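Report on the following structure.
Read the numbers this way: they start at 1 and go in the same order the structure lists the ligands and their atoms. Keep in mind that what you see is a predicted model, and the values were worked out from it rather than measured.
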Amino acid sequence: YHMHVSEQNVADLVLCDSPHIHPDFGLFSFTPRKIIFNETPCYVLKMFEDLGFVNEFMIKREVLARFILYVKKGYRDVPYHNWMHAFSVAHFAYLCLKNFQLVENKYFSNLEAMAYFIACLCHDIDHRGTTNSFQQQSNSVLASLYSSEGSVMERHHVSQTLCILNTEGCNFLESLNHEDYSRCLDLINHMILATDLASHYKIHNKQLIMATEGYHPKDPEHRYILACLLMTCADLSDQTKDWIETKRVAQLIYAEFFAQGDLEKKMGKEPANMMDREKASIPDHQLVFLKDCVICIFKLLANMFPKSKVMIETIKRNILCWEAAKIIFDKKALEGKTSYEVLS
Ligand SMILES: Cc1nc2ccc(C(=O)N[C@]34C[C@H]5C[C@H](C[C@H](C5)C3)C4)cc2n2c(-c3ccccc3Cl)nnc12
Ligand SMILES: [Mg+2]
């Protein structure tokens, strides 16, 4: 693995005790993006320990510290799909494990819980800020590797995760017995693949049935579908925070989308509307995304875990904010302003 992390940073992280955990850190309303970038590795280590995995699986703190720093280094400096996105997604996994007591209430085994947290942390490693369809369109190396199976980027994120685990001094799972080790990698693989939104639409109906008819913990398909639901919720968890956060995240996402659109234009390709800074109507697109995708997923989560009902209210409030914003965006469009200019 060509990346490198300084052993000084590893030593500092092993000794890190600096930030006391913020009192609201365990609440669904907490916004993990407010954590100072340089303190995030320490928070990941603290979440990992707080979830009991270090003791349960006899994990060496130094090896885990090195793994976390390699994962962080594996993310690129793109507007949205960067380390802070991974950190916020892992924080949401931490919130679900703690607030829903997924292990205590037998929804997840300890191994599944650890795989869930790790998959969230690693689910977008080495993202280039471009979509799966762009990989195909541009005949990227990743497309040549994975396009026959689909979920091109997600397969690359899995591959990068395995590369880091196989890097000297990073395999914190080495203390697991052979069966747990291969089961954990299999779980991480399926959980990361589940973050391809196109895949989510394929199993949404099964999730609806599970959420309405009841969860059967002994049914392996239910365990798989629940893991997929929890991955998608974590990936979209920015949408369950207050409006200021939601608006700021939209700026980051559209910065990425429009950069891809600009690239496609340079390549002589016609970008999709949501990627075209001249054509995209951000409020309209976000209203469709929130009403047709985000709120449906979190309603399923609320069916299974009533404690997450508060997030439905937050998403509804964000929808109202986008409805109000739409009026302003449409007025500014008449003055010739693009919606990205209005959003910024
Ligand atoms: C706020 C917000 N808006 C978003 C608007 C749109 C899309 C999006 O990928 N749409 C689709 C629409 C159809 C069917 C599939 C495949 C493609 C064609 C593209 C999905 C994602 C959005 N998204 C994400 C997000 C979640 C997972 C992966 C990547 C991203 Cl960017 N996280 N936050 C947001
Ligand atoms: Mg992704």
Hey, which atoms in ligand 1 end up nearer than 4.0 Å to a heavy atom of [X]?
X: F257; result: 31 (Cl)
X: Q239; result: 1 (C)
X: D235; result: 26 (C), 27 (C)

Suppose we measure from [atom] to each protein heavy atom; which comes out shortest, and what is that distance?
atom: atom 34 (C) of ligand 1; value: I253 CD1, 3.2 Å
atom: atom 22 (C) of ligand 1; value: F289 CZ, 3.5 Å
atom: atom 5 (C) of ligand 1; value: H285 CE1, 3.4 Å
atom: atom 14 (C) of ligand 1; value: Y201 CE1, 3.8 Å
atom: atom 16 (C) of ligand 1; value: A198 CB, 4.2 Å
atom: atom 29 (C) of ligand 1; value: H81 NE2, 3.8 Å
atom: atom 3 (N) of ligand 1; value: Q286 NE2, 3.2 Å
atom: atom 19 (C) of ligand 1; value: M274 CE, 3.9 Å

Applying side chain to side chain donor-acceptor pair (under 3.5 Å), run through Q260 and E264 and close with a yes or a no. CA-CA 6 Å; Q260 175 176 320; E264 286 167 335; 3.0 Å; yes
Got a salt bridge between K326 and D330, using NZ or NE/NH1/NH2 to carboxylate O under 4.0 Å? yes
Taking SG to SG, are C96 and C233 separated by less than 2.5 Å? no
Does ligand 1 have a heavy atom under 4.0 Å from the side chain of D238, from its backbone, from both, or from neither? neither
Is ligand 1 under 4.0 Å from a heavy atom in the side chain of L236, in the backbone, in both, or in neither? side chain
Mutual orientation of the aromatic rings belonging to [X] and [Y] [parallel < 30°, tilted 30-60°, perpendicular > 60°]:
X: H190; Y: Y224; answer: perpendicular
X: F53; Y: F57; answer: tilted
X: H156; Y: Y146; answer: tilted

Hey, is the Mg ion (ligand 2) within less than 2.8 Å of some N/O/S atom on D235? no
D124: which N/O/S atom is nearest the Mg ion (ligand 2)? OD1
Answer yes or no for atom 27 (C) of ligand 1: protein heavy atom present at a distance under 4.0 Å? yes
Can a protein heavy atom be found under 4.0 Å away from atom 11 (C) of ligand 1? no
So is E256 close enough to ligand 1, meaning a heavy atom under 4.0 angstrom away? no
Is there a ring-ring contact (aromatic ring centres under 6.0 Å, His included) between H216 and H222? Walk through the geometry before answering. CA-CA 6 Å; H216 306 128; H222 272 207; 4.8 Å; yes
I would like to know whether M114 and L51 meet side-chain contact (heavy atoms from CB on, under 4.5 Å); could you show each step before the answer? CA-CA 8 Å; M114 181 168 70; L51 291 168; over 6 Å; no
Within the structure, does T195 bring an N/O atom to less than 3.5 angstrom of an N/O atom in ligand 1? no
Given the rule in the ring-ring contact (aromatic ring centres under 6.0 Å, His included) test, do F67 and Y70 qualify, once you have shown the distances and angles that lead to the verdict? CA-CA 5 Å; F67 175 80; Y70 268 92; 8.8 Å; no
From CG (L45) to CD1 (I68), nearest 0.5 Å: 4.5 Å
Does atom CD (E179) have a neighbourhood of more than 12 heavy atoms from anything else shown, all under 6.0 Å? no
Kindly indicate, with the supporting measurements, whether the criterion side chain to side chain donor-acceptor pair (under 3.5 Å) is fulfilled by T246 and Q239. CA-CA 6 Å; T246 303; Q239 302 308 310; 4.8 Å; no
